[in-house]
Each structure stands twice: as C-alpha cells, then as structure tokens.
Student: 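Right, I'll just put the structure down here and ask away after.
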Amino acid sequence: MHRLYVEEARDIAREYYIGFVLDRQKEQVAIVASAEGGMEIEEIAHSKPESLIKVAVEPAVGMQPFQAREIVFKLGIDKSLVSQAVSTLLGCYRAFRDMDATMVEINPLVVTGDGHLLALDAKMAFDDNALFRRANISELRDKSQEDPREMKAADRGLSYVGLEGNIGCIINGAGLAMATMDIIKLAGGEPANFLDIGGGASPDRVAKAFNLVLSDGNVETILVNIFAGINRCDWVAEGIVQAVSKIDLKIPLIVRLAGTNFEQGRKILKDSGLPIITAESLKEAAEKAVAAWKKHTGK
C-alpha cells in the first residue's frame, strides 16, 4: 500500500522546529525546539547548537502550561500567537502520552504571511509493543515503507533486525544474540541480522526463522547459537533438520547447542547426514562461522 499526501502551498514568514522524544536515560519526555525550522534536527544541532531549546517533562506531573510558554517565548513567536502556540505544544504532549508515541515532531511549525500558526509538516513514531491497544493507529501502518525482512519476522512472531553483514544469526534470547554478534565481529566477521527465536521455540518456529534468514540475499553463512533453558536443544535440532532438508543449502551452517537436551540435539544433527558444522562453545562457533564464510566466499 502506498500513500501520497498533497497539501496546499503556503506563504511562509517564519519557520520553527518542535520535537518530543523519549529520553530513555533520564526516563523523561524531552522537548527540543528551535527557531531554525525546515532543517533536519541533526543539521541544526551541528550548525547552530545555540538555537536549540531543551525542556524535560516529569512523567508523574506531565507538561505544564508554564513550560510551554517558556518555549514559545524563547522561540520569539509573536505575542498574538502565544496562546495558540502554547495550545499546540500541550496538544503534542497529550498526543505523545495518550497514543504511546516515541516521537512527535513538527518541522516546520510556521507563521504564515497573513499571521497564522500552522503545523506545515509533522511525523509521529509509535511503540510497536503498544500497537495492540491502538487499533486506529495500527491500521495506518504502511508496510511498503518497512524493511521486508523485519516485516516478515513480525508477521511470524519473531524478533528480527536486519544488519549489513554476511553471517546470519539464529539465537534464543536477546542477551545471547548481542553477545553472539559481538564475538562474530571480534572473530573478524559481520553479522547480517539480529534474530531472537524466543524461549519456547518449536521445530516449526525454528524452521520459520531459518527460512527467514535464508531469504536475505546478503547471508553467506548461518550461525545457530542456542543455550536452552525453556527451549530444548532437540526441538531446535529438529527444526534445523526440517528446514535444511527442504532446501538445497549452498552456504555453510554452524550450530552450537548447549543446555537442556543438548546431547539429544547434537545426535539429531549428526544422524541427519546434513553438512552441518558443530561447535562446543560460543567462541568456537563464531570462529568456525567466520572461517567457513571466508572459505566459502574466498575472502
């Protein structure tokens, strides 16, 4: 689905930037404003940092009218428009809070030649984890503008982030996935993705994850790293065998299994007769993955 928005051209006298973002370090909503609208905020911060106005909002209290007035006065907005500008800022904060947003940005907020205040362009970003309770927002999602790999993963209940490397990763647990990517880089490789199959991965779920990674044309080697607790290594092994048996795998596959039923899992892989490289430790798995990738690609 593609959308095209057409708006009336306006006579612009002044431009401003207004942004509401979540400051995760301070656990507060941060408001950033500038009288240099019409530019990217990164460009403003680089070229005219002195123009930035920053205000923090305490979540337990919410944005107060005096904070909005302080921003408006610092922006130098005409006195006749102060009330409207304050209402705009407070409205943006309410939208940020009530719609589970992670960003609300107006760029530019303009004063027109005939003295009107308009949000000429705006964008919002929302917390994906809260979309289940925001059906009206979820319906506006345009999947054609998203990474197709991440979209496919979300449709299958998998957590996936596409990267720019060549070693595809299938891991259980976000912490283990981060550690695996770090060790791949330490071994001289580049991860192609972050893929967490979760704690209760059935063979079918593992097979779906496998097919998802293989759908990425940049992947030239696959590393499966499972430390089973809730998971079972024999389930994961069955999923790997199920996936590989249905395709003509032309790239190296390295598997490291540890934890619950790891012996049964390793036996399933061995008895399958498939060209699977196994490893005992994460370090060994990463080193074997990078070595297999270099040998396969001749790099």
Side-chain angles (χ1 to χ4, degrees), residues 2-59 61-97 99-128 140 142 144-147 150 161-165 185 190 194:
H2 298 274
R3 295 184 175 95
L4 175 65
Y5 292 96
V6 180
E7 297 183 2
E8 179 185 356
R10 305 301 298 239
D11 176 24
I12 301 172
R14 289 290 305 275
E15 297 185 11
Y16 306 92
Y17 172 90
I18 303 290
F20 291 71
V21 295
L22 183 61
D23 186 331
R24 298 182 186 277
Q25 183 175 6
K26 295 183 178 179
E27 299 181 348
Q28 294 179 325
V29 177
I31 305 170
V32 180
S34 173
E36 303 290 333
M39 301 165 59
E40 295 290 338
I41 187 62
E42 294 84 0
E43 187 178 340
I44 298 174
H46 177 71
S47 61
K48 296 187 177 181
E50 72 283 354
S51 74
L52 293 180
I53 302 162
K54 300 179 182 179
V55 175
V57 177
E58 172 57 49
V61 178
M63 187 178 186
Q64 300 298 302
F66 80 86
Q67 292 177 302
R69 286 194 294 271
E70 177 186 358
I71 293 171
V72 172
F73 292 148
K74 286 184 177 180
L75 287 174
I77 293 177
D78 189 87
K79 293 181 180 179
S80 64
L81 298 172
V82 166
S83 178
Q84 186 180 350
V86 168
S87 296
T88 298
L89 288 171
L90 293 175
C92 286
Y93 175 77
R94 286 195 300 272
F96 185 100
R97 179 195 63 197
M99 300 174 119
D100 293 306
T102 57
M103 180 191 73
V104 175
E105 181 182 76
I106 301 178
N107 187 26
L109 176 71
V110 305
V111 175
T112 62
D114 54 1
H116 290 88
L117 188 71
L118 292 176
L120 206 59
D121 191 14
K123 67 173 68 172
M124 295 181 69
F126 301 93
D127 183 351
D128 291 343
L140 297 174
D142 187 353
S144 68
Q145 301 302 306
E146 300 181 23
D147 186 321
E150 297 179 15
V161 178
L163 302 173
E164 297 180 355
K185 290 182 71 69
E190 290 290 338
F194 170 106

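Computed from a predicted model, the values in this text were never measured in an experiment. Just so it is clear, the values below take in all heavy atoms, side chains as well, and ignore hydrogens, waters and symmetry mates.
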Student: Of all the heavy-atom pairs spanning Ile12 and Leu120, show the shortest one and how long it is.
Tutor: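 The pair with the smallest heavy-atom distance is CD1-CD2, 3.4 Å.
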
Student: Are Pro108 and Asp121 close enough that some pair of their side-chain heavy atoms sits under 4.5 Å apart?
Tutor: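 Yes, their side chains come closer than 4.5 Å.
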
Student: Please find the pair of heavy atoms, one from Gly115 and one from Leu81, that lie closest to each other, and give the distance.
Tutor: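 Heavy atoms of Gly115 and Leu81 come nearest at O-CD2, 3.4 Å.
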
Student: About how many Å separate OG of Ser80 and NE2 of His116, when rounded to the nearest 0.5 Å?
Tutor: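 Here the interatomic distance stands at 10.0 Å.
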
Student: Would Leu118 and Arg10 satisfy side chain to side chain contact (heavy atoms under 4.5 Å, CB included), going step by step from the backbone distance to the final call?
Tutor: CA-CA 10 Å; Leu118 292 176; Arg10 305 301 298 239; 3.7 Å; yes

Student: Can you find a heavy atom in the side chain of Asn107 that is under 4.5 Å from one in the side chain of Tyr17?
Tutor: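 Touching, per the 4.5 Å side-chain cut-off.
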
Student: Please round to the nearest 0.5 Å and tell me the distance separating atom CG of Asp100 and atom CE of Met124.
Tutor: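 Rounded to the nearest 0.5 Å, the CG-CE separation comes out at 10.0 Å.
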
Student: State the CD1-CD1 distance between Ile71 and Ile31, to the nearest 0.5 angstrom.
Tutor: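 Between Ile71 CD1 and Ile31 CD1, I get 4.0 Å after rounding to 0.5 Å.
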
Student: Report yes if some heavy atom in the side chain of Asp78 is under 4.5 Å from a heavy atom in the side chain of Val111; otherwise report no.
Tutor: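 Heavy-atom side-chain distance check fails, nothing below 4.5 Å.
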
Student: With side chains defined as the heavy atoms from C-beta onward, is the minimum distance between Asp127 and Leu22 less than 4.5 Å?
Tutor: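 Side-chain contact under 4.5 Å: no.
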
Student: Drop me the distance from Lys74's NZ to Arg69's CZ, to the nearest 0.5 angstrom.
Tutor: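 Output value for this atom pair is 14.0 Å.
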
Student: Could you give the distance from CD (Glu105) to CZ (Phe96), rounded to the nearest 0.5 Å?
Tutor: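 It comes to 12.0 Å.
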
Student: Given Phe20, which partner from the list Val104, Ile106, Val55 fulfils the side chain to side chain contact (heavy atoms under 4.5 Å, CB included) test?
Tutor: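 Single side chain to side chain contact (heavy atoms under 4.5 Å, CB included) partner of Phe20 among Val104, Ile106, Val55: Val104.
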
Student: Are the side chains of Asp114 and Asp11 in touch, meaning some heavy atoms are under 4.5 Å apart?
Tutor: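 No, every pair of side-chain atoms sits at 4.5 Å or beyond.
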
Student: Please give me the minimum heavy-atom distance between Phe126 and Thr102, naming the atom from each residue.
Tutor: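 The answer is N-OG1, 3.9 Å.
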
Student: Please name the pair of heavy atoms, one in Pro65 and one in Val86, separated by the smallest distance, quoted to 0.1 Å.
Tutor: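 For Pro65 versus Val86, the nearest heavy atoms are O-CG1, 4.4 Å.
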
Student: Taking the side chain as everything from C-beta on, heavy atoms only, tell me whether Met63 gets closer than 4.5 Å to Leu89.
Tutor: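 Counting from C-beta outward, Met63 and Leu89 do come under 4.5 Å.
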
Student: State, with a plain yes or no, whether a side-chain heavy atom of Glu164 is found less than 4.5 Å away from one of Glu190.
Tutor: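 No, too far: nothing below the 4.5 Å cut-off.
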
Student: To check you understand the geometry: which heavy-atom pair defines the closest contact between Val82 and Ile77, and what is its length?
Tutor: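 The pair with the smallest heavy-atom distance is CG2-O, 4.2 Å.
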
Student: Between Gln67 and Gln64 (side chain of the first, backbone of the second, donor and acceptor by atom type, cut-off under 3.5 Å), is there such a pair?
Tutor: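 Answer holds: yes.
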
Student: Locate the shortest heavy-atom distance separating Ile18 from Ala33; write the atom from each residue and the value.
Tutor: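 For Ile18 and Ala33, the tightest heavy-atom pair comes out as CD1-CB, 3.7 Å.
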
